[in-house]
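See structure below.
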Number of protein chains: 2
Amino acid sequence: MKLQQLNYLVAIADNNLSITKAAEKLYTSQPGISKQLRLLESELETKIFERNGKQLAGITELGEEVISRARKVLHEINHIKNITNLINDSDSGRFSIATTQTQAQYVLPKVFSSFHGRYPNLTIDLQQGTSEQILSQLQKQEVDFAIASGNIDLGANIVKIPCFQWDRTVLFPHDHPLGDLKKIQLEDLAKYPIVTYPFMGNAKQSSLTDAFKKENLEPNIVFTARDADVIKTYVRNGFGIGIVASMAFSPQKDRDLLGYSTKDILPRCTTWLAFNKNIFLKKYMKDFINDFAPHISSEQLSHYIHQDYTSSLQLMHEHESDKAEDKPLPMHQMWHI
Amino acid sequence: MKLQQLNYLVAIADNNLSITKAAEKLYTSQPGISKQLRLLESELETKIFERNGKQLAGITELGEEVISRARKVLHEINHIKNITNLINDSDSGRFSIATTQTQAQYVLPKVFSSFHGRYPNLTIDLQQGTSEQILSQLQKQEVDFAIASGNIDLGANIVKIPCFQWDRTVLFPHDHPLGDLKKIQLEDLAKYPIVTYPFMGNAKQSSLTDAFKKENLEPNIVFTARDADVIKTYVRNGFGIGIVASMAFSPQKDRDLLGYSTKDILPRCTTWLAFNKNIFLKKYMKDFINDFAPHISSEQLSHYIHQDYTSSLQLMHEHESDKAEDKPLPMHQMWHI
DNA sequence: TACGTTTACGCTAGCCGTAAGTATG
DNA sequence: CATACTTACGGCTAGCGTAAACGTA
């Protein structure tokens, strides 16, 4: 006995015992329903419908009982589908995102402005932390999403979606010698003490140091801080030049500093969004992803979710190669300073 | 969503969240259940079970709800199966058979003796009638079964199962000249007035007259009666020699008559059982068929039921050819005088 | 003759079982 | 290292759609 057969059954009963009508309603072929009805009747060894020749002429006493039970079954089935859809479509609850200060401060507000309007009853819980903390919270499923940058290996059970790319900006006070240069090169930066973000974990290298090393330069990093505003403060206090994410520098708000994009001299960074593969995305989560990374279609999204780890890595590498080749990217994939 | 998936689901829940145990209980493979569970979860976009790595560790709040609904569904499904099985296995009610006097009087009592013992609460309704009445009752579905002899065409919607074969017996008083013969031939019978069964409908011919005609003889049929005992009475009263079904003559009970089997001179007759193709055989009906025609296996039975009209005719003809060739038949297919 | 059902048939998808892979304790 | 779950893969059934046959009003 199949659920479809019960479905067909009540459809026939609800359409004046017409198999043809039932087929039209269910967008399927009429012979299919006919056959399934026969199969069901022979499985139950019971005539459900009275027949006048080939045409259905009525419902057997026993058929009435069967149909009534079938309705209950289908009702329960629909209920199961509904309660799960309700959860998935729910617009209230707690939506937790672990992220870095830079994202929380400079990127997410713009996204949330429209998102929160759509889900006013949703409590958005922003967890700020180091890369390690973010990763840990994600793995323990303490948060739904993680948003960060850098090439952390998140393991097989986590989906990692590249969202947008950004460049760094060099910051220095107006009276700094770098302000006199028409074009700033890496070797210029190497001459001054640098204040920037710490490297992942306790690593001694990053894409930043690698870039210097490529030109046989040794950057003089004197301070690191996770908070772009802290870095700016140190720069203002003359501890060195700052290197921060471009979106953390606003010429209007940071008038006392000069900013110079490193897009030509330092590699581009990728911000990704990650979540556990075994959670099911509720509607507001999908909406958020769409807001945060509009270039990811829902097809691509499900592709990311269902592919395995190795191909996921490959895909990440493809995106890295995008960066390396410095291809033009669609507007929304770039962050403009 | 499939019923099996729900089945698997509750099996897992009922076996300490062990997929392996559930598979053993359901006599299926463990990977199969695992996969179906995954498919169900991804269809519902819901985690039903908590997982500890790969092992199932608990039931989600939502999972509890789903499982509880699934139980209801399966319960209803079982109910549907039960009510139909109850009907099919019922051992009470009314079992109606239309048949001829000869079958009712001389054949069926032996069959019913054991059958009735098995189904004491079953009301057996024997409808006696002419071949036309029997056919009509069967077509109007006024009776469940029909049992008769002769080559009536019953149409496409009726299953006709050959049950056994029998010969006719010639009856005459002890002082009849036929009693002096060592071997009786057709031409001997043609010399005397004959009392026998009427022909089907108002036909002028039958297998009996055909046999005479084959030898250029004309039988002198002076009386016909449907009741073998009536025929015997007429024979006793000297109206002629009787030709009745062999089972209607008992040398012990009919001591005043002599009986001579016509198995060498008259064609053999076939008694068949028929019923509408669109009824479902209840258990007692199958049992009855097994008692009445033990040589028909249940496989053969379902073959008879599901084949179409044309092949059914062919099969009947095969059986007729059996008769014509006079092959040896199994004991229970023959009626011994 | 036209409408509705059944039958026939080829295609495809999905289920199942076997076997190998993987994680956990 | 053993146990339990997952993944991979091949075989096979079963459902579906198209087309044709059938039966009835």
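Chain identifiers are assigned alphabetically (A, B, ...) following the order of the sequence lines, protein sequences preceding nucleic acid strands; residue numbering begins at 1 within each chain.
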Could you check how far [atom1] of [X] sits from [atom2] of [N], rounded to whole Å?
{"X": "Gln55(B)", "N": "dA4(D)", "atom1": "CD", "atom2": "C1'", "value": "5 Å"}
{"X": "Leu56(B)", "N": "dT3(D)", "atom1": "CG", "atom2": "C1'", "value": "14 Å"}
{"X": "Asn52(B)", "N": "dT24(C)", "atom1": "CG", "atom2": "P", "value": "8 Å"}
{"X": "Asn15(B)", "N": "dA4(D)", "atom1": "CG", "atom2": "C1'", "value": "14 Å"}
{"X": "Asn16(A)", "N": "dT5(C)", "atom1": "CG", "atom2": "P", "value": "11 Å"}
{"X": "Ile19(A)", "N": "dC3(C)", "atom1": "CD1", "atom2": "C1'", "value": "13 Å"}
{"X": "Leu37(B)", "N": "dT7(D)", "atom1": "CG", "atom2": "P", "value": "11 Å"}
{"X": "Phe49(B)", "N": "dC5(D)", "atom1": "CZ", "atom2": "C1'", "value": "13 Å"}

Arg51(B) side-chain N/O to dT6(D) phosphate OP1/OP2 under 4.0 Å: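 Yes, within the criterion.
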
Phosphate contact (dG4(C) OP1 or OP2) by Ser34(A) side-chain N/O below 4.0 Å: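 For dG4(C), neither OP1 nor OP2 has a side-chain N or O of Ser34(A) closer than 4.0 Å.
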
Could you write out each protein N or O paired with an N or O of nucleotides 14-18 of chain C at a distance under 3.5 Å?
residue, atom, partner, partner atom, Å
dC15(C), OP1, Lys2(B), NZ, 2.9
dC15(C), OP2, Gln36(B), NE2, 3.4
dC15(C), O5', Gln36(B), NE2, 3.4
dC16(C), OP1, Gln4(B), OE1, 3.4
dC16(C), OP1, Gln4(B), NE2, 2.8
dC16(C), OP1, Tyr8(B), OH, 2.8
dG17(C), OP2, Thr28(B), OG1, 2.5
dG17(C), OP2, Ser29(B), N, 2.9
dG17(C), OP2, Ser29(B), OG, 3.1

side-chain contact (heavy atoms from CB on, under 4.5 Å) partners of Ser18(A), counting only residues at least two apart: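 Ser18(A) satisfies side-chain contact (heavy atoms from CB on, under 4.5 Å) with Thr20(A), Lys21(A) only.
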
side-chain contact (heavy atoms from CB on, under 4.5 Å) partners for Lys54(A), two or more places apart: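 Checked Lys54(A) against side-chain contact (heavy atoms from CB on, under 4.5 Å); zero matches.
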
What residues, two or more places apart in sequence or in another chain, satisfy side-chain hydrogen bond (donor to acceptor under 3.5 Å, both in side chains) together with [X]?
{"X": "Asp125(A)", "value": "Arg94(A), Gln127(A)"}
{"X": "Glu41(B)", "value": "Arg51(B)"}
{"X": "Thr271(B)", "value": "Gln103(B), Ser149(B), Trp166(B)"}
{"X": "His75(B)", "value": "none"}

Contacts of type salt bridge (Lys or Arg N to Asp or Glu O under 4.0 Å), residue Arg38(B), not counting sequence neighbours: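 For Arg38(B), no residue satisfies salt bridge (Lys or Arg N to Asp or Glu O under 4.0 Å) once neighbours in sequence are set aside.
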
Heavy-atom neighbours of Lys47(B) NZ exceed 12 at 6.0 Å: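 Yes, because the 6.0 Å sphere around NZ of Lys47(B) holds more than 12 heavy atoms from other groups.
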
4.5 Å side-chain heavy-atom contact, Leu44(B) and Asn85(A):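 Not in contact.
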
Terminal axis angle for the helix from dT1(C)-dA25(D) to dG25(C)-dC1(D), five pairs an end, nearest 10 degrees: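 Both end axes considered, the difference amounts to 30°.
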
